[in-house]
Each structure stands twice: as structure tokens, then as C-alpha cells.
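Remember, it's a predicted structure, so these values are computed and weren't measured experimentally. First the proteins, then the strands, lettered A, B, ... as listed; each starts at 1.
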Protein chains: 2
Amino acid sequence: MDGGPADMPNRKSPGRPQASDRSDGEARDVLIRAAANRFAAQGAEGTSLRQVAEDAGVTPAMVAYYFRDKSGLLEAVVRKGLGTLLEVIDASAATHEPGAFLSGLVRRYLSALAADPWIPQILIREVISRESPLRDLFVEEFASHAVSVVPDRVLEEMRQGMLRDDLDHRYFILSMLGMCLFPFIAHPVLGPLLHFDVDEVFADDYGTHVLELIARGAQGGAS
Amino acid sequence: MDGGPADMPNRKSPGRPQASDRSDGEARDVLIRAAANRFAAQGAEGTSLRQVAEDAGVTPAMVAYYFRDKSGLLEAVVRKGLGTLLEVIDASAATHEPGAFLSGLVRRYLSALAADPWIPQILIREVISRESPLRDLFVEEFASHAVSVVPDRVLEEMRQGMLRDDLDHRYFILSMLGMCLFPFIAHPVLGPLLHFDVDEVFADDYGTHVLELIARGAQGGAS
DNA sequence: AATTTAATTAATTGGTCGTTTAATTACAAG
DNA sequence: CTTGTAATTAAACGACCAATTAATTAAATT
């Protein structure tokens, strides 16, 4: 016995924890993971730091210690998500087989989103759909790099005859992004209705569907 | 002069307003419109009733009077948006030219979303992407009806040879919804980057792109 | 061994939010 | 004309939240 009453078991005393107690990963990473899940499920403004801290097994004050404030925590979460997506783009850009860029990108993209469904949810809800400080982070840290590599390769595939060159490439990018992101956003409500789940199997099947669609369209018969 | 000091111009006194003062529409409708815009721009949880009330030119207490509480106000906003979309579906289902259902639906859909951009934004952020009481509203008030008419007509067009019948229709619906909704959600950030604006012209051009894409695909050359 | 630094909690503070209540005025019905 | 009802505001209440501060413990450095 340590003198503490038995009916208050999980009350930690202050002070730096012993190195042997670091359960799995440092508190900083645990906080980011907890925040990513909560923010994805409830929205950042609908989540209190108390909730995040409890999920992470620490006190709300740790958020200030590691991230300065709530917006700093959100920024760290977004940075992590964008980092994952940047890796996907660079990995796809590394392969130079003719015509394999776009299909590789779609498959890797869907696979990455299925592995971390919080990425598309937070990206859409907290970043891409409103004006906010995160907008600048997104543009400078991600979009500018993505725009410098993706459209070039798409135009290259157009010249090689893999893609029609009469498409407006802005609209093409919009429709591709929409197709790839939407299932992950709508899954909480549409998943039960349409009987799909966002896992690795879905990423594979749905990726085939998307690539088939841009390859031959959905219209039949007339050919 | 009414005895009030001139440096406090817009302070209304309590009591029922004179019938001639009803500027445009009743307070209930003004509140719904104000809330729709705020909720779309900042998210419902990121918007205070004080903000909405100020936009509408009334007091926060009016929210309680007309909608009981904040969730009631959000529900009214969502109901209005879903009503608009239901009209779109029914109008499209009314035309019985063979093969014209899907294309008509896409065009009307995009046109309606362009006219009221808050609909897709609120639908995605507050309804479709999280578990909440609104989920049931969405399913019972909208999805059940939509599911009872749209897939039948799509399958009909498949049998008529307008659409390939080897497509998984669930995936097809997901990709169509993604393509049609995404530009309106991503517009605040992607609009400036890709140089597009969500207006009637865009709805027309982008609708052509989408229909072209499902008609013939994006791949060229090989034909 | 002593001191500084890192990591953590408890407790508090100031502010904002949703909601409620009471008062107030105009309109409607008798 | 009187009484009741509909529509509105002002003011207050309690809850919760993000952020801060002070205390506390372990590790790292000297």
C-alpha cells in the first residue's frame, strides 16, 4: 500500500514519470493519435481538450506543454496527415513506367486513406472546406508540392495518349479527388446504407472501379 | 426624437413588432437562412447562437422560441436542404425519356447545389460524416426515398444498355456522389488554387465533364 | 552530490456558450 | 373595451471550456 485510498485507483501524482512507465510511445504521440480520432469523429470544435487528454491518459495541461494550445494540436494532427499523403505522391512519382503514374497514385492513395480514415475526415472537415489558418498550412506544405508534380505527370500521360487531351484537367482533378475521398467521408452514414466498409479490401475493389471508370466510362452497348 | 440617445441606434425595445415592420419574411425564416450560412462557413459547433441571432437581427432567445434549442435550429436547416434535394430527385424521375434520367439528375443536382452552396457543405460536415441524431433524420426523410427511386432507374438504364451492367452499382453511386459533391465542399480552399467558382456556369461545364466521363471515360487513343 | 532541465498533475481563472425567466409590446378574439 | 395570445427583448444562471500557474517528481548534467 502507498497510503492512497483504494477507491481512487487511477489518480496519478504530479511529476515526471519513471522512464520504465512509458507505456507505448511518448505522450506527444499519444495525444496526436487521440486527437486525430476524436477530431475525425466529432469535429475539432466539438471536441474538448479534456476528452482528448482523457483518451490519451494525461491531463489537459499536457496539450499546452507540447502544442501551446488547441490549434497547435490540430495543426500537428494535420501535419501528420499531410505528411502521409506527401509520401504517397512521391512514391507514385518515383515509378517511371509509361502510363503507370495515375493508376499507381489512385491505388496508393485509396490504400493510405483506408489505413488512416481520420486523414480524409479531418482534411475535409477542418482544412479543405473553410477559410482558416490551416488553409495556408495546407497550401504551403502540401498543395504547392502536389501541384508541382501531379498535373505535369497527368499532362504527360495525355500526350502519350493514355488520357484524352480534350479534358479540362482542373475538372478531371476535381472529379478524381471527389471519387477517391468521398467514400471515406460518407462512410459513417452511407456505409450501413450501401453495405460497404472502408478497409484494405474496399480500397482495392473501389480502386479497380475508379480506374475502370476513367479507362472506359460507364456507358455500354453503343461501342 | 423618441427620447433615446442617438449613440445607440439599433437597440430594439422588447415586445411584438408592428406588422408593417416585418422587413422581409418572418423571423423564423431569417434565422434559418442566417444559420445555414454560418453553419456552412464555420460548422455548427463553431457557431454561437449569438452570432446567428445577430446576423438575423434578433435576439438569441428567438432560437428557443421557434426551434426549442440549437439542435432544433440545425434540424430545421437540414430539413430545408433535404427538401430541396428531394424536389430535384422527383423532378428528374418525372421525365420518362429512355436514358435521360441519370443525365437529368446530374444536371439538376449540380444546378441546385450551385444555387445553395450551403446545402452540400452542411450535409457533409454535419450530417453524412458522423453519427448523430441527424443521421436518422437523413435516412428516414431523404435516403429511404432516394434509395427507392434512384437505383431502380439506374438499373433500368443498365438493362436498356445505356450503362454497363458489370458495374457494382454501389460503387457507381459512391463515385457519382463524390464527383458531384466534392467541388462544392472543397471550393473555399481549392477554388483559388484551381481557379474555379461554384456558380451556374460552373455547374453547367462541370456537369458536361462528369457526363462525358461516365459516357466515354477519360482514356483516349486506343479506341 | 548538487543543480538544472524535462515531464507531469492539481487547482484556478476568465470568458463564452446555451438556455431560462420575466417583462414588454402588438395583434386577435370576444 | 377587455381579455388573451403571439412575438419579441433584456437580463441572468449555471455549465463548460481553454488556458495559466504553481507545485511536484524524475532524469540529465555538472
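Across all strands, A:Ser48 comes closer than 4.0 Å only to sugar-phosphate atoms, never to a base (heavy-atom distances). Counting non-hydrogen atoms under 4.0 angstrom, A:Tyr66 reaches the backbone sugars and phosphates but no base. Residue A:Ser71 is out of contact with every strand shown, counting any heavy-atom pair closer than 4.0 Å. At the heavy-atom level, B:Val63 lies nowhere under 4.0 Å from the strands shown.
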Evaluate the criterion ring pair (Phe, Tyr, Trp, His ring centres under 6.0 Å) for residue pair A:His209 and A:Tyr206; output intermediate values, then yes/no. CA-CA 5 Å; A:His209 166 85; A:Tyr206 188 70; 5.8 Å; yes

Please determine whether side chain to side chain contact (heavy atoms under 4.5 Å, CB included) holds for the pair B:Ile214 and B:Met179, giving the CA-CA distance in whole Å, both sets of side-chain angles, and the decisive distance to 0.1 Å. CA-CA 11 Å; B:Ile214 69 173; B:Met179 282 194 284; 4.2 Å; yes

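Atom CZ in B:Phe67 sits about 18 Å away from atom C1' in C:dT20, given to the nearest Å. When rounded to the nearest whole Å, the span between CD of B:Glu54 and P of C:dT16 equals 14 Å. Across the protein-nucleic acid pair, A:Arg16 atom CZ and D:dA22 atom P stand 22 Å apart, rounded to whole Å. Distance B:Glu45 CD to C:dT16 P: 19 Å, rounded to the nearest Å. If you take CG of B:Leu74 and P of C:dG18, they are 12 Å apart, rounded to a whole angstrom. Computed from coordinates, the A:Leu49 CG to C:dT9 C1' distance equals 16 Å when rounded to whole Å. In this structure, B:Lys70 atom NZ and C:dT16 atom P are separated by 15 Å, rounded to whole Å. Note: CG (A:Asp69) to P (D:dT20) measures 8 Å, nearest angstrom.
A rotation axis mapping the C1' atoms of four pairs onto the next four is fitted at both ends of the helix from C:dA1-D:dT30 to C:dG30-D:dC1 over five pairs, and the angle between these axes is 10° to 10 degrees.
Checking D:dA27, D:dT20, C:dC27 against the side-chain heavy atoms of A:Gln18 singles out D:dA27 as nearest. Nearest nucleotide to the side chain of A:Pro14, out of D:dA23, D:dA7, C:dT21: D:dA23. Nearest nucleotide to the side chain of B:Ala61, out of C:dC27, D:dA10, D:dA28: D:dA10. Closest to the A:Tyr65 side chain, of the nucleotides C:dG18, D:dT9, C:dA6, is C:dA6. The B:Val58 side chain lies nearest to D:dT9 when the options are D:dT20, D:dT9, D:dA19. Checking C:dT8, D:dT9, C:dT19 against the side-chain heavy atoms of A:Met62 singles out C:dT8 as nearest.
Residue-to-nucleotide proximity on DNA chain D shows that, of A:Gln51 and A:Ala64, the 5′-proximal contact is made by A:Gln51. Residue A:Thr59 is the one, among A:Thr59 and A:Arg50, whose nearest nucleotide of DNA chain C lies closer to the 5' end (criterion: closest heavy atom).
Ring orientation note: the planes of A:Phe142 and A:Phe138 are tilted relative to one another, at an angle of 30° to 60°.
Contact check on B:Glu75 versus B:Arg79 returns a salt bridge, with a Lys/Arg side-chain nitrogen under 4.0 Å from an Asp/Glu carboxylate oxygen. A salt bridge links A:Glu45 and A:Arg130; the closest N-O separation between the charged side-chain nitrogens and carboxylate oxygens is under 4.0 Å.
B:Tyr109 places a side-chain heavy atom less than 4.5 Å from the side chain of B:Leu85.
The closest side-chain donor-acceptor pair between A:Ser111 and A:Glu200 falls under 3.5 angstrom.
Not a single donor-acceptor pair under 3.5 Å links the side chain of B:Arg108 to the backbone N or O of B:Ile89.
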